[in-house]
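Written out below as C-alpha coordinates is the structure these notes cover.
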Amino acid sequence: MVQKGSDKMPEVDAIRAQLFALQDKEYQVFYSRLMPTLPPETVIGVRVPLLRKLAKQLADTPEAEAFLQELPHFYCEENALHAFLLEPVRDYGIALAATERFLPYVDNWATCDSLSPRGFAENRARLLPHKPELLPAIRRWLGSDQVYTVRYGIGMLMRYYLDDAFRPEYLAWAAAVHSEEYYVNMMRAWYFATALAKQPDAALPWLTEKRLDLWTHNKAIQKAVESRRIPPGMKQLLRGLRSRS
(Lines give C-alpha, C1' and ligand atoms only; values in the text may rest on other atoms or scores of the structure.)
Protein backbone atom coordinates (compact mmCIF):
# COMPACT_ATOMS: atom_id res chain seq x y z
CA MET A 1 0.00 0.00 0.00
CA VAL A 2 1.22 3.47 -0.84
CA GLN A 3 1.11 5.67 2.21
CA LYS A 4 -1.18 8.66 1.84
CA GLY A 5 0.60 11.98 1.92
CA SER A 6 0.06 14.16 4.97
CA ASP A 7 0.21 17.78 5.95
CA LYS A 8 -0.26 16.90 9.60
CA MET A 9 2.20 17.74 12.37
CA PRO A 10 5.43 15.69 12.55
CA GLU A 11 4.31 13.74 15.64
CA VAL A 12 1.26 12.48 13.79
CA ASP A 13 3.25 11.57 10.71
CA ALA A 14 5.69 9.68 12.93
CA ILE A 15 2.87 7.60 14.40
CA ARG A 16 1.54 6.87 10.93
CA ALA A 17 4.99 5.68 9.92
CA GLN A 18 5.01 3.36 12.95
CA LEU A 19 1.70 1.90 11.84
CA PHE A 20 3.02 1.21 8.36
CA ALA A 21 6.09 -0.43 9.87
CA LEU A 22 3.69 -2.95 11.45
CA GLN A 23 1.80 -3.62 8.22
CA ASP A 24 0.88 -7.18 7.28
CA LYS A 25 -0.29 -7.13 3.67
CA GLU A 26 -2.04 -10.50 3.84
CA TYR A 27 -3.90 -9.34 6.93
CA GLN A 28 -4.80 -6.11 5.13
CA VAL A 29 -6.67 -8.14 2.50
CA PHE A 30 -8.40 -10.25 5.16
CA TYR A 31 -9.35 -7.31 7.38
CA SER A 32 -10.65 -5.25 4.46
CA ARG A 33 -13.19 -8.01 3.83
CA LEU A 34 -14.39 -7.68 7.44
CA MET A 35 -14.88 -3.94 6.90
CA PRO A 36 -17.12 -3.69 3.82
CA THR A 37 -18.09 -0.12 4.70
CA LEU A 38 -14.47 1.08 4.39
CA PRO A 39 -12.49 1.68 1.18
CA PRO A 40 -9.67 -0.92 1.11
CA GLU A 41 -7.09 1.84 0.67
CA THR A 42 -7.92 3.12 4.16
CA VAL A 43 -6.91 -0.19 5.79
CA ILE A 44 -3.18 -0.55 6.49
CA GLY A 45 -3.32 -4.10 7.82
CA VAL A 46 -2.09 -4.05 11.43
CA ARG A 47 -3.16 -6.78 13.82
CA VAL A 48 -5.02 -5.70 16.95
CA PRO A 49 -2.44 -6.97 19.50
CA LEU A 50 0.20 -4.85 17.78
CA LEU A 51 -2.10 -1.82 17.82
CA ARG A 52 -2.70 -2.29 21.54
CA LYS A 53 1.02 -2.66 22.17
CA LEU A 54 1.71 0.56 20.25
CA ALA A 55 -1.01 2.36 22.23
CA LYS A 56 0.68 1.31 25.48
CA GLN A 57 4.03 2.54 24.21
CA LEU A 58 2.57 5.91 23.21
CA ALA A 59 0.37 6.43 26.29
CA ASP A 60 0.86 9.81 28.01
CA THR A 61 3.44 10.99 25.48
CA PRO A 62 3.35 14.36 23.67
CA GLU A 63 3.11 12.39 20.42
CA ALA A 64 -0.06 10.67 21.58
CA GLU A 65 -1.59 13.98 22.69
CA ALA A 66 -0.86 15.52 19.30
CA PHE A 67 -2.32 12.48 17.56
CA LEU A 68 -5.54 12.60 19.60
CA GLN A 69 -6.04 16.25 18.69
CA GLU A 70 -5.73 15.60 14.95
CA LEU A 71 -9.11 14.60 13.58
CA PRO A 72 -10.26 13.21 11.28
CA HIS A 73 -7.84 10.35 10.73
CA PHE A 74 -7.49 8.76 7.31
CA TYR A 75 -6.64 5.15 8.09
CA CYS A 76 -8.77 2.58 9.90
CA GLU A 77 -5.85 1.70 12.17
CA GLU A 78 -5.45 5.34 13.14
CA ASN A 79 -9.02 5.32 14.40
CA ALA A 80 -8.41 2.03 16.22
CA LEU A 81 -5.27 3.44 17.81
CA HIS A 82 -7.23 6.52 18.87
CA ALA A 83 -9.78 4.30 20.64
CA PHE A 84 -7.05 2.30 22.38
CA LEU A 85 -5.30 5.49 23.51
CA LEU A 86 -8.54 6.62 25.18
CA GLU A 87 -9.03 3.29 26.96
CA PRO A 88 -6.77 4.04 29.97
CA VAL A 89 -8.33 7.47 30.65
CA ARG A 90 -9.74 7.24 34.18
CA ASP A 91 -11.05 10.77 34.69
CA TYR A 92 -14.76 10.64 33.86
CA GLY A 93 -15.05 14.19 32.54
CA ILE A 94 -11.99 13.90 30.34
CA ALA A 95 -13.11 10.49 29.07
CA LEU A 96 -16.57 11.75 28.17
CA ALA A 97 -15.31 14.87 26.41
CA ALA A 98 -12.73 12.88 24.44
CA THR A 99 -15.30 10.25 23.48
CA GLU A 100 -17.86 12.79 22.28
CA ARG A 101 -15.18 14.58 20.27
CA PHE A 102 -14.14 11.33 18.59
CA LEU A 103 -17.52 9.66 17.99
CA PRO A 104 -18.50 11.71 14.90
CA TYR A 105 -15.40 10.36 13.14
CA VAL A 106 -15.92 6.69 14.01
CA ASP A 107 -16.71 4.97 10.71
CA ASN A 108 -16.70 1.23 11.38
CA TRP A 109 -18.08 -1.31 13.84
CA ALA A 110 -14.70 -2.48 15.15
CA THR A 111 -13.54 0.95 16.29
CA CYS A 112 -16.99 1.65 17.71
CA ASP A 113 -17.03 -1.52 19.78
CA SER A 114 -13.47 -1.11 21.08
CA LEU A 115 -13.98 2.44 22.40
CA SER A 116 -14.30 1.98 26.17
CA PRO A 117 -12.52 4.51 28.43
CA ARG A 118 -11.96 3.27 31.96
CA GLY A 119 -13.39 6.54 33.25
CA PHE A 120 -16.87 5.25 32.42
CA ALA A 121 -16.62 2.54 35.09
CA GLU A 122 -16.16 2.95 38.84
CA ASN A 123 -15.14 -0.67 39.18
CA ARG A 124 -13.61 -2.08 36.01
CA ALA A 125 -13.92 -5.67 37.19
CA ARG A 126 -17.69 -5.41 37.65
CA LEU A 127 -18.26 -2.81 34.90
CA LEU A 128 -20.30 -0.55 37.16
CA PRO A 129 -21.27 2.75 35.52
CA HIS A 130 -19.27 5.68 36.83
CA LYS A 131 -22.05 8.19 37.36
CA PRO A 132 -25.68 8.82 36.50
CA GLU A 133 -24.34 11.52 34.17
CA LEU A 134 -23.46 8.84 31.62
CA LEU A 135 -27.14 8.11 31.01
CA PRO A 136 -27.97 11.52 29.48
CA ALA A 137 -24.94 11.09 27.23
CA ILE A 138 -26.25 7.70 26.15
CA ARG A 139 -29.64 9.24 25.37
CA ARG A 140 -27.91 11.84 23.19
CA TRP A 141 -25.99 9.13 21.36
CA LEU A 142 -29.15 7.08 20.78
CA GLY A 143 -30.76 10.12 19.18
CA SER A 144 -27.84 10.89 16.89
CA ASP A 145 -28.02 10.84 13.10
CA GLN A 146 -24.59 9.17 13.01
CA VAL A 147 -24.70 5.38 12.57
CA TYR A 148 -21.82 4.50 14.85
CA THR A 149 -22.74 7.02 17.51
CA VAL A 150 -26.12 5.29 17.83
CA ARG A 151 -24.46 1.89 17.85
CA TYR A 152 -22.11 3.12 20.55
CA GLY A 153 -25.00 4.30 22.72
CA ILE A 154 -26.67 0.90 22.55
CA GLY A 155 -23.33 -0.73 23.26
CA MET A 156 -22.89 1.35 26.40
CA LEU A 157 -26.34 0.31 27.62
CA MET A 158 -25.33 -3.29 27.05
CA ARG A 159 -21.91 -2.95 28.68
CA TYR A 160 -22.83 -1.01 31.81
CA TYR A 161 -26.59 -1.24 32.38
CA LEU A 162 -27.59 -4.89 32.20
CA ASP A 163 -26.28 -5.87 35.63
CA ASP A 164 -26.63 -4.05 38.98
CA ALA A 165 -27.55 -0.75 37.32
CA PHE A 166 -30.30 -2.25 35.14
CA ARG A 167 -33.74 -0.69 34.84
CA PRO A 168 -36.49 -2.09 32.60
CA GLU A 169 -36.92 1.23 30.79
CA TYR A 170 -33.47 0.84 29.26
CA LEU A 171 -34.90 -1.96 27.13
CA ALA A 172 -37.41 0.54 25.79
CA TRP A 173 -34.62 3.00 25.01
CA ALA A 174 -32.91 0.44 22.77
CA ALA A 175 -36.19 -0.69 21.22
CA ALA A 176 -37.12 2.90 20.38
CA VAL A 177 -34.15 3.27 18.06
CA HIS A 178 -35.46 3.04 14.50
CA SER A 179 -32.90 2.66 11.78
CA GLU A 180 -32.38 1.11 8.37
CA GLU A 181 -28.69 0.69 9.15
CA TYR A 182 -27.45 -2.88 9.52
CA TYR A 183 -24.78 -2.01 12.11
CA VAL A 184 -27.32 -0.26 14.32
CA ASN A 185 -29.87 -3.03 14.14
CA MET A 186 -27.29 -5.72 14.71
CA MET A 187 -26.30 -3.98 17.94
CA ARG A 188 -29.96 -3.75 18.97
CA ALA A 189 -30.29 -7.51 18.45
CA TRP A 190 -27.08 -8.14 20.35
CA TYR A 191 -28.36 -5.97 23.19
CA PHE A 192 -31.63 -7.90 23.50
CA ALA A 193 -29.86 -11.25 23.25
CA THR A 194 -27.57 -10.20 26.09
CA ALA A 195 -30.55 -8.91 28.06
CA LEU A 196 -32.17 -12.33 27.72
CA ALA A 197 -29.10 -13.80 29.40
CA LYS A 198 -28.74 -11.21 32.15
CA GLN A 199 -32.28 -9.92 32.73
CA PRO A 200 -34.56 -12.65 31.35
CA ASP A 201 -37.71 -11.70 33.28
CA ALA A 202 -37.63 -8.15 31.88
CA ALA A 203 -36.37 -9.01 28.40
CA LEU A 204 -38.42 -12.08 27.49
CA PRO A 205 -41.78 -10.23 27.15
CA TRP A 206 -40.24 -8.14 24.37
CA LEU A 207 -40.00 -11.40 22.40
CA THR A 208 -43.14 -13.22 23.54
CA GLU A 209 -45.26 -10.12 22.88
CA LYS A 210 -43.42 -9.32 19.64
CA ARG A 211 -42.69 -5.73 20.59
CA LEU A 212 -39.63 -5.51 18.33
CA ASP A 213 -39.48 -5.19 14.57
CA LEU A 214 -39.34 -8.54 12.76
CA TRP A 215 -35.64 -8.43 11.83
CA THR A 216 -34.43 -7.51 15.34
CA HIS A 217 -36.84 -10.01 16.90
CA ASN A 218 -35.46 -12.92 14.86
CA LYS A 219 -31.83 -11.82 15.02
CA ALA A 220 -31.99 -11.44 18.82
CA ILE A 221 -33.40 -14.95 19.07
CA GLN A 222 -30.68 -16.29 16.78
CA LYS A 223 -27.91 -14.70 18.83
CA ALA A 224 -29.46 -15.82 22.11
CA VAL A 225 -29.81 -19.41 20.90
CA GLU A 226 -26.14 -19.35 19.86
CA SER A 227 -25.07 -18.01 23.28
CA ARG A 228 -23.62 -20.24 25.98
CA ARG A 229 -25.15 -17.96 28.60
CA ILE A 230 -28.72 -18.93 27.71
CA PRO A 231 -29.95 -22.14 29.43
CA PRO A 232 -31.34 -24.97 27.27
CA GLY A 233 -34.92 -24.46 28.40
CA MET A 234 -34.84 -20.80 27.42
CA LYS A 235 -33.33 -21.68 24.05
CA GLN A 236 -36.14 -24.13 23.37
CA LEU A 237 -38.70 -21.45 24.21
CA LEU A 238 -36.96 -18.90 22.01
CA ARG A 239 -36.83 -21.23 19.02
CA GLY A 240 -40.61 -21.40 19.19
CA LEU A 241 -40.85 -17.64 19.11
CA ARG A 242 -39.22 -17.22 15.71
CA SER A 243 -41.54 -15.33 13.42
CA ARG A 244 -42.10 -14.83 9.70
CA SER A 245 -44.45 -11.90 10.06
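In this text the structure is predicted, and so the values were computed from the model without any measurement.
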Indicate every side-chain donor-acceptor pair of residues 228-239 with a distance under 3.5 Å to a residue at least two apart or in another chain.
from, atom 1, to, atom 2, distance (Å)
Lys235, NZ, Val225, O, 3.2
Lys235, NZ, Ser227, O, 2.8

Working to the nearest 0.5 Å, report the span between [atom1] of [X] and [atom2] of [Y].
X	Y	atom1	atom2	result
Arg188	Leu142	CZ	CG	10.5 Å
Thr61	Ile15	OG1	CD1	6.0 Å
Leu71	His82	CG	NE2	5.0 Å
Phe166	Leu171	CZ	CG	4.0 Å
Leu134	Thr99	CG	OG1	9.0 Å
Leu86	Phe120	CG	CZ	9.0 Å

For [X], enumerate each residue passing the side-chain contact (heavy atoms from CB on, under 4.5 Å) test, keeping only those at least two apart in sequence or located in another chain.
X	answer
Lys53	Gln57
Pro39	Glu41, Thr42
Leu51	Leu19, Val46, Glu77, Ala80, Phe84
Asp113	Trp109, Arg151, Met187, Trp190

Checklist entry - Relative to each other, are the rings of Phe20 and Tyr75 parallel, tilted or perpendicular (30° and 60° limits)? => result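 Ring orientation, 0 to 90° scale: perpendicular.
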Next on the checklist: Below 30° counts as parallel, above 60° as perpendicular, anything between as tilted: where do the rings of Tyr170 and Tyr161 land?
Outcome noted: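 Taking Tyr161 first and then Tyr170, their aromatic rings stand perpendicular (interplane angle over 60°).
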Nearest non-hydrogen partners of [X] and [Y], listed with the distance:
X	Y	value
Phe192	Ala220	CB-CB, 4.0 Å
Tyr160	Pro117	OH-O, 3.9 Å
Leu212	Ala175	CD2-CB, 3.8 Å
Ile44	Gln23	O-NE2, 2.9 Å
Ile138	Gly153	CG2-O, 3.7 Å
Met35	Ala110	CE-CB, 3.2 Å

So does [X] have more than 12 non-hydrogen atoms from other groups sitting under 6.0 Å from [atom1]?
X	atom1	answer
Glu180	CD	no
Glu209	CD	yes
Arg167	CZ	no

Next on the checklist: Among residues at least two apart in sequence or on other chains, which ones pass side-chain hydrogen bond (donor to acceptor under 3.5 Å, both in side chains) with Asn108?
Outcome noted: Thr111
Checklist entry - side-chain hydrogen bond (donor to acceptor under 3.5 Å, both in side chains) with Trp206: which residues, sequence neighbours excluded? => result none
Checking [X] side chain against [Y] main chain: does a donor-acceptor pair fall under 3.5 Å?
X	Y	value
Asp91	Gly119	no
Asn185	Ser179	yes
Glu63	Glu11	no

Checklist entry - Are Leu81 and Val48 joined in one hydrophobic group, where the rule is that I, L, V, M, F, W and Y side chains link up if heavy atoms are under 4.5 Å apart? => result yes
Next on the checklist: Assigning hydrophobic clusters by single linkage (Ile, Leu, Val, Met, Phe, Trp, Tyr; side-chain heavy-atom cutoff under 4.5 Å), is Leu34 placed with Val29?
Outcome noted: no
Contact between [X] and [Y] at the side-chain level, heavy atoms closer than 4.5 Å - yes or no?
X	Y	result
Tyr148	Thr37	yes
Tyr31	Cys76	yes
Trp173	Leu135	yes
Trp141	Glu100	yes

Checklist entry - Side chains of Gln28 and Lys25: is there a donor and an acceptor less than 3.5 Å apart? => result no
Partner residues of [X] under the salt bridge (charged side-chain N to carboxylate O under 4.0 Å, His left out) criterion, sequence neighbours left out:
X	value
Arg47	Asp24
Arg101	none
Lys198	Asp163

Checklist outcome for this item: In short, ring pair (Phe, Tyr, Trp, His ring centres under 6.0 Å) pairs touching residues 222-245 with sequence neighbours left out are none
Item to check | Of all pairs that satisfy ring pair (Phe, Tyr, Trp, His ring centres under 6.0 Å), the ones with a partner from residues 37-67, not counting sequence neighbours | outcome: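 Qualifying pairs, neighbours excluded: Phe67-His73.
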